[in-house]
Amino acid sequence: MIRHTIRESNHTASYNNSNECLFPSIANELIDNIKLTANDIIKYHSTFNIEQMLQRKLNSDGLIFCNSGSECIIKQIVECLSKDNKQWVIPHPTFELTDFYCQHYRCKVEKPLYVYKDHFSIDLEHILNAHQKILYIVSPHNPTGVTLSLEVINNLCKKYKYVILDQAYMLPGEPIHNLNHKNLILIRSFSKMGLITGLRFGFGMCFDNKLFLKFNQIRPMYLNSFTLKCIEYIISNDIPLKIKNKIDKEIAKFEPDVKANIVAQAGNFVLFNSKIDTYNQHQLKQYTFNKKIFFRMTVFES
């Protein structure tokens, strides 16, 4: 049974976070098809083969570096870039740990806000001396659903010193086209649309060899062998597409009055206007933009 709810209130907090796209029925497919061997347990395993698979899947010649979840990729990037540049721009709301790591490495962060005027948007044109600053932005964005176009990304890369594009809510194997700026860094995760929340796997991609070598200096030499086997199976069998199809089918089942109040949707979350504050007797998480109230619901399988 698919449930639509939110587990982010104080009353229902859980490490089985519904914001992570966890589908046990699909996970069982992994368990049934991935067989560990003695070599998986007693030997170290590098990510080289997975990086090659991802490169082919993404149809890109970008340079891939892996870590234990996209959170670790973000820390890796902040640690490297903050050595030479402490000025960051991070639109809010955002992934909270990015703020945390910037604070940890003593960066100065500007926090422009998403606004709602008939639709959600973010104004990054008013930032002064942007060419000296690092921009971190989530796209597709949670909870506003803002997704940057290729044209916007290209323009941001011309404006900022570095652009870090966190694509956690995209299918992790979705091809990358016409993006190869030397100051662009992409981040993707297998925790949400990639199924394996608990196994922790994320990767970054950049297009500059010097930058790649910096990231490599603080990357893990090896990752968990079971995780790597799962990634290989997930990529080979288009598991993220199965997850997306399940989410789309469930959202399509919404009653007409519920559908009519959807403001934005990306990945496994849906944002409603103020008319929908509960669903199936669960209180949804509240956001306020331009003094307008919205409520977010996430879709997951129990």
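Quick caveat, the model's predicted, so the values are computed rather than measured.
No side-chain heavy atom of Gln87 sits less than 4.5 Å from a side-chain heavy atom of Asn129. Counting only heavy atoms from C-beta outward, the side chains of Leu195 and Pro240 never approach each other to under 4.5 Å. Residues Ile50 and Phe201 meet the side-chain proximity criterion, which asks for heavy atoms closer than 4.5 Å. Taking the side chain as every heavy atom from C-beta outward, Val163 and His181 never approach each other to under 4.5 Å. The side-chain heavy atoms of Lys292 and Ser274, taken from C-beta on, include no pair separated by under 4.5 Å. Using a 4.5 Å heavy-atom threshold, the side chains of Met53 and Ser236 count as touching. Within the 4.5 Å cutoff, the side chain of Pro112 has heavy atoms near those of the His126 side chain. Between Leu30 and Ile196, the closest side-chain pair of non-hydrogen atoms falls below 4.5 Å.
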| task | Test side-chain contact (heavy atoms from CB on, under 4.5 Å) on Thr94 and Ile90 and set out the steps. | result | CA-CA 7 Å; Thr94 191; Ile90 304 179; 3.7 Å; yes

| task | For Lys75 and Tyr105, run side chain to side chain donor-acceptor pair (under 3.5 Å): C-alpha distance rounded to whole Å, both residues' side-chain angles, the deciding distance at 0.1 Å, then the answer. | result | CA-CA 10 Å; Lys75 180 179 183 295; Tyr105 290 105; 3.3 Å; yes

| task | Check the pair Ser121, Val146 against side-chain contact (heavy atoms from CB on, under 4.5 Å), reporting the backbone distance first and the verdict last. | result | CA-CA 7 Å; Ser121 63; Val146 169; 5.8 Å; no

| query | Under the side-chain contact (heavy atoms from CB on, under 4.5 Å) criterion, do Trp88 and Val78 qualify, and how do the steps go? | reply | CA-CA 10 Å; Trp88 287 64; Val78 175; 3.7 Å; yes

| task | Go through the steps for Ile187 and Ile74 under the test side-chain contact (heavy atoms from CB on, under 4.5 Å), then give the verdict. | result | CA-CA 8 Å; Ile187 301 171; Ile74 291 170; 3.7 Å; yes

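Residues Pro143 and Pro93 come closest through the heavy atom pair CD-CG, 3.8 Å. Taking every heavy atom of both residues into account, Ala266 and Pro140 meet most closely at CB-CB, 3.7 Å. Considering all non-hydrogen atoms of both residues, Cys66 and Ile64 come closest at SG-CG2, 4.1 Å. Residues Gln132 and Lys161 approach most closely at C-CB, 4.1 Å, considering heavy atoms. Counting all heavy atoms, side chain and backbone alike, Lys159 lies closest to Leu124 at CE-O, 3.3 Å. Between Asn209 and Leu63, the closest heavy-atom pair is CA-CD1, 3.7 Å.
For Lys259, the NZ atom counts as densely surrounded, since its 6.0 Å shell holds more than 12 non-hydrogen atoms of other residues, nucleotides or ligands. The environment of CD in Gln286 is crowded: more than 12 heavy-atom neighbours from other residues, nucleotides or ligands sit within 6.0 Å.
A distance-only check finds a donor-acceptor pair linking the side chain of Asn224 to the backbone of Phe226 [under 3.5 Å]. In this structure, Asn237 contributes its side chain and Ile239 its backbone to no donor-acceptor pair below 3.5 Å. Counting only distance, with no hydrogens or angles, the side chain of Asp99 and the backbone of Glu96 share no donor-acceptor pair below 3.5 Å. Put simply, the side chain of Ser60 never gets that close to the backbone of Gln55: no donor and acceptor are under 3.5 Å apart. Looking only at distances, a side-chain donor or acceptor of His45 sits under 3.5 Å from a matching main-chain atom of Asn39. Judged purely by atom type and a 3.5 angstrom limit, Ser149 uses its side chain to pair as donor or acceptor with the backbone of Val152. A distance-only check finds a donor-acceptor pair linking the side chain of Lys86 to the backbone of Ser82 [under 3.5 Å]. A donor-acceptor pair is defined here as one N or O able to donate and one able to accept, closer than 3.5 Å; no such pair exists between the side chain of Lys133 and the backbone of Tyr160. In this structure, Asn85 contributes its side chain and Leu81 its backbone to no donor-acceptor pair below 3.5 Å. With hydrogens and angles disregarded, no donor-acceptor distance shorter than 3.5 Å links the side chain of Ser189 to the backbone of Ala168.
Considering Val258, Asp277, Thr278 in turn, Val258 is the only one that fulfils the side chain to side chain contact (heavy atoms under 4.5 Å, CB included) rule with Phe272. Each of Thr147, Asn142, Asn268 was evaluated against Tyr169; a single residue qualifies, Asn142, per the side chain to side chain donor-acceptor pair (under 3.5 Å) test.
Separation of the Tyr101 and Phe95 ring centroids does not fall under the 6.0 Å cut-off. Outside the 6.0 Å centre-distance limit, the rings of Tyr279 and Phe295 are not counted as a close aromatic pair. Taking the ring centroids of Phe289 and Tyr116, they lie at or beyond the 6.0 Å cut-off.
A salt bridge between Lys253 and Glu250 is present, with a side-chain N of the basic residue lying under 4.0 Å from a carboxylate O of the acidic one. Ionic pairing of Lys214 and Asp84 is present here: one or more N-O contacts between side-chain nitrogen and carboxylate oxygen are shorter than 4.0 angstrom. Remark: Lys244 does not engage Asp238 in a salt bridge, criterion side-chain N to carboxylate O under 4.0 Å.
Under 3.5 Å, the side chains of Ser25 and Asn28 contain no donor-acceptor pair of N or O atoms. Inspection of the Arg188 and Ser70 side chains reveals no N or O donor paired with an N or O acceptor under 3.5 Å.
Cluster membership check: Phe207 shares its hydrophobic cluster with Leu150, using side-chain heavy-atom separations under 4.5 Å among Ile, Leu, Val, Met, Phe, Trp and Tyr. In the hydrophobic cluster analysis, where Ile, Leu, Val, Met, Phe, Trp and Tyr join through side-chain heavy atoms closer than 4.5 angstrom, Ile134 is grouped apart from Ile127. Criterion: ILVMFWY side-chain heavy atoms under 4.5 Å apart, direct or through other members. Under it, Ile77 and Val89 are not part of a common hydrophobic cluster. Both Ile153 and Leu135 are assigned to one and the same hydrophobic cluster, defined by single-linkage of ILVMFWY side chains at heavy-atom distances under 4.5 Å. The hydrophobic cluster containing Phe203 does not contain Phe65, counting ILVMFWY residues as joined when their side-chain heavy atoms lie under 4.5 angstrom apart, directly or transitively.
Taking a 4.5 Å side-chain heavy-atom cut-off between Ile, Leu, Val, Met, Phe, Trp and Tyr, the cluster of Met170 contains only that residue.
Here Leu284 contributes atom CG and His282 contributes atom NE2; the two are 9.5 Å apart, rounded to the nearest 0.5 Å. Atom CD1 of Ile234 is separated from atom CD of Glu29 by 9.5 Å, given to the nearest 0.5 angstrom. Atom-to-atom distance recorded for Leu165:CG and Ile137:CD1 is 7.5 Å, nearest 0.5 angstrom. Distance check, rounded to the nearest 0.5 Å: CG of Asn67 to CD of Gln76 gives 5.0 Å. Annotation: the span from Lys242 atom NZ to Ile26 atom CD1 amounts to 7.0 Å, rounded to 0.5 Å. How far CD of Gln167 is from NZ of Lys192: 13.0 Å, rounded to the nearest 0.5 Å.
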